[in-house]
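Reading through the structure tokens given below for one structure.
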2 protein chains.
Amino acid sequence: MSRWDPDAKGRLAMAARELFVEQGFDRTTVADIAARAGLTERTFFRHYADKREVLFAGDWLAARMTEDVAEAPADLTPIEIVTRAVENACDGITSSPDWSRDRARIIADHPELQERELAKMGMLAGVLAGGLRERGVPDVTATLAAELGVLAFRLAYERWAGGRRSTRMAPLVRVVLAEIEGVAGGA
Amino acid sequence: MSRWDPDAKGRLAMAARELFVEQGFDRTTVADIAARAGLTERTFFRHYADKREVLFAGDWLAARMTEDVAEAPADLTPIEIVTRAVENACDGITSSPDWSRDRARIIADHPELQERELAKMGMLAGVLAGGLRERGVPDVTATLAAELGVLAFRLAYERWAGGRRSTRMAPLVRVVLAEIEGVAGGA
DNA sequence: CTAGGCGATGTCAGTAACTGACATCATCTG
DNA sequence: CAGATGATGTCAGTTACTGACATCGCCTAG
């Protein structure tokens, strides 16, 4: 595992995860991570914009959601389109449940990481809204449907990560959305 | 304006705002800010946990919301309680509209500041939810009402900051909430 | 087979955010 | 007037992050 071995980015991510679990986020320096991956600090920053980013690597969530929104049947409502995209994203997350739970724990301990997580969710909302607009959904509706979907995603993720291991995440999305509808109507 | 003059924290905030407007956030160092306020870098960090925080100083928003939620009439629904708290918060913000708009522009230019803004919104949601639980509102309902309120607040703020100067912000909150109800129901 | 191009990595020096330890100053209190 | 107290200054250090340039290994044209 050194210099010219393949998948430097992946090795950095794995090294980071291990170290964060072993000794915590802030007691791990970027130099530590790079060393474990057989690389240098400078190279770390070529692959990840900053230290936090190594925990939020995949654009795959955004990419998959974009695709799902684009390919959704024509007769669905915006919120239904978003819901389906979010449900699919859940499957991606829960396919490595142990890591997802570790990750959730690391993030929960560090406000700076929670910030990044929220920012990523914001990005997802932007992506979803953009996808809806592409389909001709009016701006306001697109934004709102996207934000609601992401809100449901976030809350479902929290419940799933904090709940029993046997619970499945995807169904929680519709549960949360139904609750949202109930609460929003209680004005 | 030096060393032992009063309100060091306020002077730092004002210096920071001026410099951010004049030359941008990242071309302004903490040393610059401290110098303009007649203080040292070290003192800056005694008043603000980090450079970004100087733009997000007030706990007054959270404090006011807490109070509003605690004192709301007993017969209101959770979402209505939250809505009123958020509407009141709008008045606080729009009482210095020029600065609020400058601030919104600075934040819009810097992803790191958007992160912090979202984190603050998350904190507000936590505060609102906590206040509702104090009143005996069930956990799930409290969380959802709070998140919806904050979502409406965020979107209303965006529209207000981007819109005409004569527009009032508070009424936008209910507009957004009504839209949310409409979109959420379209499943 | 070799020369050169090219992308990924290394090296080095530098900036600036942030922190801990300790000294100093102004004010308040007895 | 002396000591307590809280705010500030000073200094040294760590670490995240960046720019400029050198080096390495592979790939391709000739």
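Every chain is numbered from 1 and lettered A, B, ... according to where its sequence line falls, protein lines coming before strand lines.
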- Message: What verdict does the salt bridge (Lys or Arg N to Asp or Glu O under 4.0 Å) test give for Asp59(B) and Lys120(B), after you've listed the backbone C-alpha separation in whole Å, the side-chain angles of each residue and the deciding distance to 0.1 Å?
- Response: CA-CA 10 Å; Asp59(B) 291 1; Lys120(B) 290 290 174 185; 5.4 Å; no

How long is the line joining [atom1] of [X] and [atom2] of [N], in whole Å?
X	N	atom1	atom2	result
Gln23(A)	dT15(D)	CD	P	11 Å
Arg116(B)	dA17(C)	CZ	C1'	13 Å
Ile33(A)	dA16(D)	CD1	P	8 Å
Lys51(B)	dT19(C)	NZ	P	15 Å
Asp26(A)	dT15(D)	CG	P	11 Å
Arg52(B)	dA16(C)	CZ	P	17 Å
Asp50(A)	dT15(D)	CG	P	17 Å
Phe44(B)	dA16(C)	CZ	C1'	13 Å

- Item | Contact summary for Arg164(A) and Arg101(A), nearest pair of heavy atoms |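 For Arg164(A) versus Arg101(A), the nearest heavy atoms are O-NH2, 3.1 Å.
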
- Message: Closest approach to the side chain of Phe45(A), judged atom by atom: which nucleotide of dT18(D), dT15(D), dA17(C) is it?
- Response: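 Within the option list, the nearest is dT18(D).
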
- From CA spacing to verdict: salt bridge (Lys or Arg N to Asp or Glu O under 4.0 Å), Arg174(A), Glu181(A): CA-CA 10 Å; Arg174(A) 277 184 201 273; Glu181(A) 206 184 330; over 6 Å; no

- Message: Would Arg133(B) and Asp139(B) count as a salt bridge (Lys or Arg N to Asp or Glu O under 4.0 Å) here? Give the steps.
- Response: CA-CA 6 Å; Arg133(B) 276 192 291 269; Asp139(B) 209 336; 2.8 Å; yes

- Message: Once ring pair (Phe, Tyr, Trp, His ring centres under 6.0 Å) is applied, do any residues pair with Phe20(A), and if so which ones, sequence neighbours excluded?
- Response: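 Phe20(A) satisfies ring pair (Phe, Tyr, Trp, His ring centres under 6.0 Å) with Phe25(A) once adjacent residues are dropped.
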
- Message: In terms of relative ring orientation, are Tyr48(A) and Phe44(A) parallel, tilted or perpendicular, with 30° and 60° separating the classes?
- Response: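 Tilted.
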
Enumerate all atom pairs, one protein N or O and one N or O from nucleotides 5-9 of chain D, separated by less than 3.5 Å.
from   : atom 1 : to       : atom 2 : distance (Å)
dT8(D) : OP2    : His47(B) : NE2    : 2.8
dG9(D) : OP2    : Thr40(B) : N      : 3.0
dG9(D) : OP2    : Thr40(B) : OG1    : 2.8
dG9(D) : OP2    : Thr43(B) : OG1    : 2.4
dG9(D) : O4'    : Arg3(B)  : NH2    : 3.3
dG9(D) : N7     : Arg46(B) : NH1    : 3.3
dG9(D) : O6     : Arg46(B) : NH2    : 2.4

